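This report refers to the structure that appears directly beneath it.
Keep in mind that this is a model prediction, so the values were computed, not measured. Throughout, a chain's letter reflects where its sequence line sits, starting with A, and its residues are numbered from 1.
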Number of protein chains: 2
Amino acid sequence: MVRLKDIAEACGVSIATVSRALNGLTNEGKERTAFICQTAKEMGYYPNAAARTLKTSKSNNIGIIYEDMMTHVYFSTLFDSLRRESEKLGYDLTFIGRGDFTGQQYYENARQRCLDGVIVVQADFDAAGIMHLATSSIPTVIVDHTYEGVDCVTSDNRASMEQIVRHVYLHGHRKIAIIQGQKGMVSRERLAGFYKACVELGVRVPVEYVREGLFQNAVACTEDILELMKLPDRPTCVLCPDDGSAVGAMARLHAKGIKVPEDIALVGYDGTLMSQIITPRLTTFSQDCTRIAQEVFSMLIDAIEYPDTHIPKQVTVVGKIIEGETV
Amino acid sequence: MVRLKDIAEACGVSIATVSRALNGLTNEGKERTAFICQTAKEMGYYPNAAARTLKTSKSNNIGIIYEDMMTHVYFSTLFDSLRRESEKLGYDLTFIGRGDFTGQQYYENARQRCLDGVIVVQADFDAAGIMHLATSSIPTVIVDHTYEGVDCVTSDNRASMEQIVRHVYLHGHRKIAIIQGQKGMVSRERLAGFYKACVELGVRVPVEYVREGLFQNAVACTEDILELMKLPDRPTCVLCPDDGSAVGAMARLHAKGIKVPEDIALVGYDGTLMSQIITPRLTTFSQDCTRIAQEVFSMLIDAIEYPDTHIPKQVTVVGKIIEGETV
DNA sequence: TGCTAGATTGTAATCGTTTTCTGTCATTGT
DNA sequence: ACAATGACAGAAAACGATTACAATCTAGCA
């Protein structure tokens, strides 16, 4: 391993001079600087990250706390976007937060490795711990969950659900059912949007039309839909928690002789590739992961670079309906 | 931030003593050790990772080089497994390898941050660079690609394709077509297995039955299938590069009035959740990501702990056919 | 009691950088 | 020609841990 010291010896200057030359500090003479840089490159020098971190308390590393849900298309897409963005900005992404972490430990773990910032995705699990982290001196951005007074970026679940309801309303639907995902802020927000739009549009919602379901679980979704179809006053349109559920349910319905959209209209969520390649194309709602990632990093970078003047804010990113053929 | 020094002062002992006590070095007296540990905990001490890494050249961090393909279910599943395994063993996972890396840079980047090891997934992109890394002093395991003399774990694409061919053969198919994925070792291996099984079973394969396709691209897959259906001597069974393609294609075929499996048998690949919740359930091949992850880490840990005696090996993990209703 | 072995603990060097402070020159103004 | 100024380079002190080595203390034994 090549050290600053080796270059210093090779060039016949001091370590400090090499360090400054390499870091572009204006101090040094121009051609000497060039010579040092040249030599460093030839010798294959790379600064030791640990030493630099130790001295500067900057690691160029951003921690990411993710539940084990990478297999859900939304989250893998979001991750891809986050990674691309972090790459662009010169940060590496490290997965932190062992499964059994709680309370202070998120914070301590981040502190321990001098992370420059932390991104928490879907912080539904340990409010106290997450808050401790988010209100600490370590820049933190929360994705898809809102806490007071800390940086949050959420795809606006409430507004999107409103959009969806209005969309199907415009297509003539007055009996709209909803199947929710796992309990949590996302589901709550969507339900709130659902009710809000229905109230505003004067659409009556019988309690039986609102069902608890699961994300990414087409079996559950199908069961729920079949239950809905048994109702004396059956809905004409069902809003599913995500595309995976909707696609799976659609296939099952189809096999049962129930036609989409003739017998029942279906709306998905996420705007996945899959939703657009099946027949009929699913009407769904696309969340703009690229935008989300950009917002996340813009807030994070601001918090990192201007820790004193940074003001936490809550940003919502609004997606859009992708019109398919199932409504 | 609490330092060793702070604890030392609080306890009235030297820094070295605290360090030894905390690391369980047998040197220290029992109750003094206990007292130090207790105090450290009370003060909320966490060792500074950078300092420790600088001194010991161990980071407890494993780098992972992944192309941007997290949205493919196979890779997200694999990643989940890798992460779970790394968590269990106490390592963190850091995404490294900026998009424009080449040659030595993978190695230098890993060296720079004192990574204890590196996992390279689908190393199809920069053979020279990857080899430089893999043959360096940094423990490296390559997933889903085979290089001579370095640690590799692959799902046995050749053997699985053979299994698939034999499976459909047993179901009476003699006209078997294959749609490949992106060019690369995975596709090559699968094709080799396909030919091998066909030859052994005495199945004739017209050149038109072998088509180049794309992974995770149902549109391309559908086009390919439709082309195949136009052939004067059409195949009775088509092997698709992955479940996503197969599911999408199936839906399109269905819409065109071509029935699966009556008119054409279809086989997917990956054994995803999706493949099992659609109707008809897709016949597919499940890759055992958990096993792959275990093998990866077993090799990695061995290479890390016994760098001198470690012998690189090539491991293949065999998956199994999931019988659906499309053959 | 005096000496030695063994058990603890402390001192200080080290890991590779960054950065402050000091010192040396050369340049400029008077 | 001399002092003041500024540009540049080097020495050395951190950052927070680990660890080889030296130093101290205790106890066991003659």
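- Here the side chains of B:Tyr91 and B:Ile301 are in contact, with some heavy-atom distance below 4.5 Å.
- For the helix from C:dT1-D:dA30 to C:dT30-D:dA1, the angle separating the two terminal helix axes comes to 60°, with each axis derived from five pairs and the value rounded to 10°.
- At least one side-chain heavy atom of B:Phe297 sits under 4.5 Å from a side-chain heavy atom of B:Ile62.
- In this structure, CG of B:Leu54 is placed 9 Å from P of C:dC15, rounded to the nearest angstrom.
- Rounded to whole Å, the distance from CD1 on B:Ile7 to P on D:dG16 is 13 Å.
- With salt bridges taken as basic N to acidic carboxylate O contacts below 4.0 Å, none links A:Asp80 and A:Arg83.
- For C:dT9, neither phosphate oxygen OP1 nor OP2 lies less than 4.0 angstrom from any side-chain nitrogen or oxygen of B:Thr17.
- The separation between A:Asn48 atom CG and D:dA17 atom P is 17 Å, rounded to whole Å.
- The side chain of B:Arg3 has D:dG16 as its nearest neighbour among D:dG16, D:dT18, D:dG10.
- A:Ser19 comes within 4.0 angstrom of a base, heavy atoms only.
- Scanning all heavy atoms of the two residues, the minimum distance from A:Val2 to A:Met43 falls at CG2-O, 3.1 Å.
- Contact detail for A:Thr140 and A:Leu133: the closest heavy-atom pair is OG1-O, 3.5 Å.
- Looking at A:Glu87 and A:Arg84, no side-chain N of the basic residue comes within less than 4.0 Å of a carboxylate O on the acidic one, giving no salt bridge.
- Look at A:Tyr46 and you won't find any side-chain N or O under 4.0 angstrom from OP1 or OP2 of C:dT17.
- Rounded to whole angstrom, the span from the NZ atom of A:Lys5 across to the C1' atom of C:dT17 amounts to 14 Å.
- In this entry the distance linking CZ of A:Arg20 with P of C:dT18 reads 11 Å, nearest Å.
- Proximity of the aromatic rings of A:Phe95 and A:Phe79 is defined here by a centroid distance below 6.0 angstrom, and this criterion is met.
- When the nucleotides D:dG10, D:dG16, C:dT11 are ranked by their closest atom to the side chain of B:Ala51, D:dG16 comes out on top.
- As rounded to whole Å, 21 Å separates atom P of C:dT17 from atom CZ of B:Arg52.
- Computed from coordinates, the A:Asp6 CG to C:dG16 P distance equals 9 Å when rounded to whole Å.
- If you measure from atom NZ of A:Lys55 to atom C1' of C:dT14, you get 16 Å, rounded to the nearest angstrom.
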